[in-house]
Amino acid sequence: VQLQASGGGSVQAGGSLRLSCEAFGRRFNRYRYTMGWFRQDPGKEREFVAGILWSDGSTHYADSVKGRFTISRDNAKLTVDLQMNRLTHEDTAVYYCAAATKDISGTIRRPSEYTYWGEGTQVTVSS
């Protein structure tokens, strides 16, 4: 399974960006998977942002992004998107998409629960 993230860039505070994560591979049985978005600043730990169970679309969010970010999945395109609105400077980071091969609702915030990771995409928010 391979994950390809796209959509990063630079935006002013208050603006919006949409990240997309496309999944590849014959072994990608999406209905079993949990998908997540994480972010990381240099020198800091990787931080959970949002997650979604592909089977039923249930979502989870970090408190810092709740109400501003929306995670969704597209069954036809095999993508998981992260719509980010009302961005602030504190949202600046490298964003990573990740996939776990099972339902990890109870531990969805733990990076160690995810098996596959895409390369990061930079999001820069200027204040």
Side-chain angles (χ1 to χ4, degrees):
V1 175
Q2 293 180 310
L3 304 176
Q4 180 67 52
S6 61
S10 298
V11 65
Q12 289 189 333
S16 299
L17 282 174
R18 188 176 184 90
L19 305 183
S20 184
C21 177
E22 187 172 5
F24 301 89
R26 293 180 299 169
R27 297 169 63 181
F28 183 63
N29 186 346
R30 62 188 183 274
Y31 293 109
R32 295 179 180 269
Y33 276 46
T34 303
M35 305 296 294
W37 282 98
F38 289 77
R39 65 188 181 187
Q40 189 169 22
D41 267 337
K44 295 185 179 179
E45 292 186 355
R46 195 161 292 188
E47 174 191 23
F48 172 78
V49 176
I52 186 168
L53 299 186
W54 204 297
S55 57
D56 63 6
S58 58
T59 57
H60 304 258
Y61 295 95
D63 288 343
S64 59
V65 307
K66 202 171 293 184
R68 300 188 298 122
F69 291 12
T70 303
I71 188 171
S72 61
R73 84 260 196 256
D74 187 314
N75 283 317
K77 296 179 181 178
L78 294 183
T79 58
V80 175
D81 293 345
L82 185 68
Q83 176 66 41
M84 305 185 294
N85 298 327
R86 290 184 281 140
L87 286 160
T88 72
H89 180 69
E90 286 67 38
D91 296 316
T92 295
V94 177
Y95 283 69
Y96 299 87
C97 65
T101 58
K102 57 184 179 181
D103 181 341
I104 58 167
S105 299
T107 55
I108 198 168
R109 288 167 171 76
R110 298 180 188 173
S112 60
E113 294 293 316
Y114 292 80
T115 306
Y116 302 104
W117 291 84
E119 293 185 3
T121 184
Q122 177 71 47
V123 171
T124 302
V125 184
S126 57
S127 56

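Under the 3.5 Å distance criterion, the side-chain polar atoms of H89 are left unmatched by any main-chain donor or acceptor of S127. The backbone N or O of I71 lies less than 3.5 Å from a partner atom in the side chain of Y61, making a donor-acceptor pair. For the pair T124 (side chain) and T92 (backbone), a donor-acceptor distance under 3.5 Å is absent. Listed for the T79 side chain is no donor-acceptor partner under 3.5 Å among the backbone atoms of C21. Not one N or O on the side chain of R46 forms a donor-acceptor pair closer than 3.5 Å with the backbone of Y96.
Looking at every heavy atom in both residues, R39 comes nearest to Y95 through NH1-OH, 2.9 Å. Nearest heavy atoms, W117 versus P111: CZ2-O, 3.5 Å. Of all heavy-atom pairs between F48 and A62, the closest is O-CB, 3.4 Å. Across every non-hydrogen atom of G8 and L19, the tightest pair is N-CD2, 3.5 Å. Summarising the geometry of L53 relative to S105, their closest heavy-atom pair is CD1-OG, 3.2 Å, with the distance given to 0.1 Å. Minimum interatomic distance between L87 and V11 (heavy atoms only, all atoms of both residues): CD1-CG1, 3.6 Å.
Pairs engaging residues 7-21 under the side chain to side chain donor-acceptor pair (under 3.5 Å) rule: S16-N85, R18-D81, R18-Q83, S20-D81 [sequence neighbours left out]. For residues 67-79, every residue pair satisfying the salt bridge (charged side-chain N to carboxylate O under 4.0 Å, His left out) rule, not counting sequence neighbours, is listed here: R68-D91.
W54 is listed as a side-chain neighbour of V80, based on a closest heavy-atom distance under 4.5 Å. In this structure, the side chains of E22 and C97 stay at 4.5 Å or more apart for every pair of heavy atoms. At least one side-chain heavy atom of V1 sits under 4.5 Å from a side-chain heavy atom of Y33. Inter-residue side-chain proximity for Y31 and N75 is flagged as met; some heavy-atom pair is nearer than 4.5 Å. No side-chain heavy atom of S58 sits less than 4.5 Å from a side-chain heavy atom of I52. Looking at heavy atoms from C-beta onward, T107 lies out of side-chain contact with Y114 at the 4.5 angstrom threshold. Annotation: side chain of F38 is not in contact with side chain of Q40 (no heavy-atom distance under 4.5 Å). Inter-residue side-chain proximity for L82 and M84 is flagged as met; some heavy-atom pair is nearer than 4.5 Å.
Hydrophobic clustering (side-chain heavy atoms under 4.5 Å, transitive across Ile, Leu, Val, Met, Phe, Trp, Tyr) keeps W37 apart from I108.
In this structure, Q4 places its CD atom where only 12 or fewer heavy-atom neighbours from other residues, nucleotides or ligands lie under 6.0 Å away.
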Pair T121-V94, side-chain contact (heavy atoms from CB on, under 4.5 Å): steps then yes or no: CA-CA 5 Å; T121 184; V94 177; 6.0 Å; no
Check against side-chain contact (heavy atoms from CB on, under 4.5 Å), L3 and M35: CA-CA 10 Å; L3 304 176; M35 305 296 294; 4.1 Å; yes
